[in-house]
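Here is the structure we will look at, set down as C-alpha cells.
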Number of protein chains: 2
Amino acid sequence: MANKATSIDIAYRAGVSQSTVSRALRDSPLVSEETKERIKAIARELNYKVDKNASNLRTQNSHTLALLLCEDPTNDDSLINPFFLSMLGSITRATAKQGYDLLISFQQLSSDWHADYEDSNKADGIILLGYGDFVDYEHKLERLLSQNTHFVIWGAEHNKSSVASVACDNQQGGLIATEHLISLGRREFAFLGDASSHSPEFRDRYLGHVRALKNAGLAVDKRRQVDAISTENAGFEAANMLIRKGAHFDAIFAASDLIAVGAIRALKEAGLRVPEDVAVVGYDDIPVASFANPPLTTIKQNTQLAGEMLVESLLKLIRGEKVPPKLIPTSLVVRKSCGIDL
Amino acid sequence: MANKATSIDIAYRAGVSQSTVSRALRDSPLVSEETKERIKAIARELNYKVDKNASNLRTQNSHTLALLLCEDPTNDDSLINPFFLSMLGSITRATAKQGYDLLISFQQLSSDWHADYEDSNKADGIILLGYGDFVDYEHKLERLLSQNTHFVIWGAEHNKSSVASVACDNQQGGLIATEHLISLGRREFAFLGDASSHSPEFRDRYLGHVRALKNAGLAVDKRRQVDAISTENAGFEAANMLIRKGAHFDAIFAASDLIAVGAIRALKEAGLRVPEDVAVVGYDDIPVASFANPPLTTIKQNTQLAGEMLVESLLKLIRGEKVPPKLIPTSLVVRKSCGIDL
DNA sequence: CTGAAAGCGCTTACAG
DNA sequence: CTGAAAGCGCTTACAG
C-alpha cells in the first residue's frame, strides 16, 4: 500500500502551512475561499482522508457510538433475536445520520461485560440492547454508572432514574392487545411469558393485560399465566402445559411472537383450531408473524423511532444534557389469529 | 466525568517511568514480574484503559474491521435482508474472537459508497455484504482496488482474481435442490429469480439447476424461468405470471426463500396445492422458511463458517498474505414443501 | 487570513 | 530490566 498522504504532504503541495490545511479541510471561516479550494482539490487528488486516530486523540472524542447487543442465552448460537435485528437497522441508520460511526459487539450474557469502549476512547457512549436476566443486568448497570460511562438502555425503565432509557410502552401494548381480544368476544385469557421482575418487559405486558381484563370486569386467573422465555419451543411447552392442566381459555396473549408461534403449534397438535377455538395475539411483529398459519395478530413496536431516540438520547447525554426516560407507543397489527374476518 | 487516568498517572503512582508502564501493560518481557504486577494493580484500581486513539495513531493500525452492508433497494426501509442478519451475527462473533472491533455501516446502494474507513485509519480492512446490481458494484470494487484498500466480498466470485471473496457454492446449491426434486419424481421445473449477470448468485443457482436437469435428461424450458428480485412480492408476481401464461410445471425452484414464500401464496390463490400439485424449494433457510405453510424445503448456507472465513481472509489480506477465493458447500434442509412425507 | 508551536497519549528504538 | 526522547497526525490557542 502506498504511503497515505498526510496534511503535511498537502501543505507542501499547496505551499501553505499544515495548520492552514487542517483549517481548510474543516471549513474554518479563517481560511480564504481561494486557498480552501486549492487545498481541497489537492486533498481529493491525493485521496486524502483525515486520520481519525490523530484527530480523535487531539479532540478527545471519537465520534463513535458502541452498540452492545446482549444475546438471550436461550437462542441458539447463530440466531439473533429477530426483533433486535430490526432495532439494529434503525440504530445504524440513526447513528450515521448524526455523523457518528457505530461499533458493534455481541456479548454473551454469562461473560463479564467488555464495556470499556468509552474508557479506551473508542466510543463516546454505549447503547445497550437486551440483557437476559434483569436482576443480573442491574448490577452491571451499577458499574457503568459508577464509572460515569455514557449509556442508554433499551427496554425497561430503570428504577434508578439516573439511567437513560428508551422503551416501547409495554403496558399499553398489553392493554390494547387484550382489549382487542375482548372486543372480539373472548372472555377466558391465558398469558404466556415470564411475568416476574426478571423480565420487566414481559411483566409490563402482563400488567397491561391484567388492566384490560379488570377494566372489562373479567376474571384474572393466575393459573392461566405460564412462564416462558422468548422462543418458539418455550411457547410450545407453555401452551402444552395449559392444555395438559385442562385449563379453560378461548384466547392467548403471548409475550412475544416466537412464544405465540410455538403456542399455535401446540394448540393445533391438541386438535384446537386457531382462531375458532382459541384466538392468539403475539408481540413484536417479527417477519415470521405475517407468515405464520394463521397469520399472527401482534403488537408492533416502532423500531425506527426507537433507534432514533436511543441515538438521540445518547448524544444528549454525551453533550451533558439531561434525558428523561422515553416511552414510545405501540400499535396493534390485526391478522387472522385473533379471529377477525379479514 | 472524572478525568481519565493516563499511563503517566500510573507511572507517577508506581514510581516508574511512563515507558515502563506502557511495557508492563502490554506484557513486555522486558519488565520484571514484580514491577508488572504492581503496575497492573494500579491500572485496575484507576480503571485505566489504554487510549486506543493514541495507541492506534502510534502503531498505525486500528485493530478494527468495517462491515459495509449494502441494502437491497427492494426492501422497505426498516427491513434488512434476513439472510444478511444471520451473517452479521457470525461476522461479529468472528471479529471479536480475533480481538478486533467491528464498525458497521449500512449503505444505500444508490448513494456513493462511503468506504473510506481505511483511508481515515478507522479500520484496517472492509467486509462487503450485498451489492444490488452486480454490474454497478464492480465499478465500485475497481475503485477500492485502485486505492489499495484491504477488502473481502461476500457472495460471488469476482472475475478479477485480485478480489478476495468468500461465497457459498451457489451452483452446488442449485444442483442439490433440483436433484432432490427430481428424486421425488418431479419433471417439469420452473425457476424463479433473475438469472442474469446482474445477480451472479442467483445465476449460479440457476446454472446448478440447469445442470441437474441436463444430468437427468430433462428439458430446460426458458419460458419457465421468470426474473424476480428477492422479495415475497416479486415471488408472488413471478409465480402469477407463470400461471397466467398457462405454463406447465410440477416443481418450482426459487432463488430465495422470500421468492418461494411469495410463489406459494400465488399457487394457493390459483387453487394449486403445495406440494401435491407443485413442489417448491427455496434458498437461504431464513427463519420464515420453517414457519411457512407448508414448511419450506430450502438450501442452507453455513453462515457461521462464512462469517469466520470472511474475517479470516480479511485478516490475512491485511497481513499481506494471498487469499484464494473460498467456496463453502451448502446443504439441503428437507421440509414439507418439496412433497416428501415427513 | 496565516504560520509556528504545543500537545493529545501512547509505543518503541536508543542508550544505559 | 529501566528511562529519556522521538514521533504517530492531527487541532487549536497564540502571535502576527
Side-chain angles (χ1 to χ4, degrees), chain A residues 1-40 42-43 46-64 116-124, chain B residues 1-40 42-43 46-64 116-124:
Chain A
M1 170 147 337
N3 281 335
K4 267 170 203 155
T6 70
S7 54
I8 298 214
D9 299 328
I10 297 181
Y12 178 78
R13 297 211 187 193
V16 296
S17 73
Q18 182 267 334
S19 342
T20 301
V21 171
S22 176
R23 288 198 192 92
L25 294 174
R26 321 192 75 242
D27 256 333
S28 160
L30 291 176
V31 182
S32 74
E33 275 311 318
E34 187 207 5
T35 320
K36 258 188 209 172
E37 280 317 312
R38 201 167 78 247
I39 289 172
K40 285 184 180 176
I42 296 172
L46 297 184
N47 194 36
Y48 170 80
K49 296 284 167 359
V50 171
D51 185 304
K52 283 294 170 186
N53 291 132
S55 66
N56 290 342
L57 173 59
R58 181 54 230 244
T59 61
Q60 291 295 82
N61 74 12
S62 65
H63 263 252
T64 300
D116 51 4
Y117 292 102
E118 189 169 346
D119 294 316
S120 55
N121 270 341
K122 287 193 287 192
D124 300 335
Chain B
M1 172 153 333
N3 280 335
K4 266 169 202 154
T6 70
S7 54
I8 298 212
D9 300 328
I10 297 181
Y12 178 78
R13 298 211 187 193
V16 295
S17 73
Q18 182 267 336
S19 345
T20 300
V21 171
S22 176
R23 288 198 192 93
L25 294 174
R26 322 192 74 244
D27 255 332
S28 159
L30 291 176
V31 181
S32 74
E33 276 309 320
E34 188 208 3
T35 320
K36 259 188 212 173
E37 281 316 312
R38 200 169 77 247
I39 290 172
K40 286 183 180 176
I42 296 172
L46 297 184
N47 194 36
Y48 170 81
K49 295 285 165 3
V50 172
D51 184 304
K52 283 293 170 188
N53 290 132
S55 67
N56 290 343
L57 174 59
R58 179 56 228 243
T59 60
Q60 291 296 82
N61 73 14
S62 65
H63 264 253
T64 299
D116 51 2
Y117 292 102
E118 189 169 345
D119 294 316
S120 54
N121 270 338
K122 286 193 287 192
D124 300 335

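Each chain gets a letter, A, B and so on, in the order the sequences are listed, and its residues count up from 1. Values below: every heavy atom of this structure, side chains too, minus hydrogens, waters and symmetry copies.
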Quiz item: Tell me, which stems hold DNA chain D, with a stem being 3 or more Watson-Crick or G-U pairs in a row and both distances under 3.5 Å?
Solution: C:1-3 with D:14-16, C:5-12 with D:5-12, C:14-16 with D:1-3

Exercise. Would you check, one step at a time, whether the test salt bridge (charged side-chain N to carboxylate O under 4.0 Å, His left out) holds for A:E33 with A:K36?
Key: CA-CA 5 Å; A:E33 275 311 318; A:K36 258 188 209 172; 3.7 Å; yes

Quiz item: Just how far is it from atom CZ of A:R23 to atom OG of A:S7, taken to the nearest 0.5 Å?
Solution: 12.0 Å

Exercise. Mind checking the OG1-CZ spacing from B:T20 to B:R38? Nearest 0.5 Å is all I need.
Key: 9.5 Å

Quiz item: Is a side-chain N or O of A:S120 found less than 3.5 angstrom from the main chain of B:V50, in a donor-acceptor match?
Solution: no

Self-check item: B/S/- contact track for nucleotides 5-11 of chain C, protein heavy atom under 4.0 Å
Solution: BBBBBBB

Practice problem: Could you tell me the separation between the OG atom of B:S55 and the NZ atom of B:K49, rounded to the nearest 0.5 Å? | Solution: 13.5 Å

Quiz prompt | Distance, C1' atom - from C:dT12 to C:dG16, rounded to whole angstrom | solution = 16 Å

Practice problem: Decide side chain to side chain donor-acceptor pair (under 3.5 Å) for A:D51 and B:N121; before the verdict, give the C-alpha distance in whole Å, the side-chain angles of both, and the deciding distance to 0.1 Å. | Solution: CA-CA 6 Å; A:D51 185 304; B:N121 270 338; 2.4 Å; yes

Quiz item: How long is the gap from CG on B:N61 to CG on A:N53, to the nearest 0.5 Å?
Solution: 9.0 Å

Quiz item: Under 6.0 Å from the CZ atom of A:R13, do we count more than 12 heavy atoms belonging to anything else shown?
Solution: no

Quiz item: Can you check the A:L30 CG to D:dA15 C1' distance for me, whole Å?
Solution: 14 Å

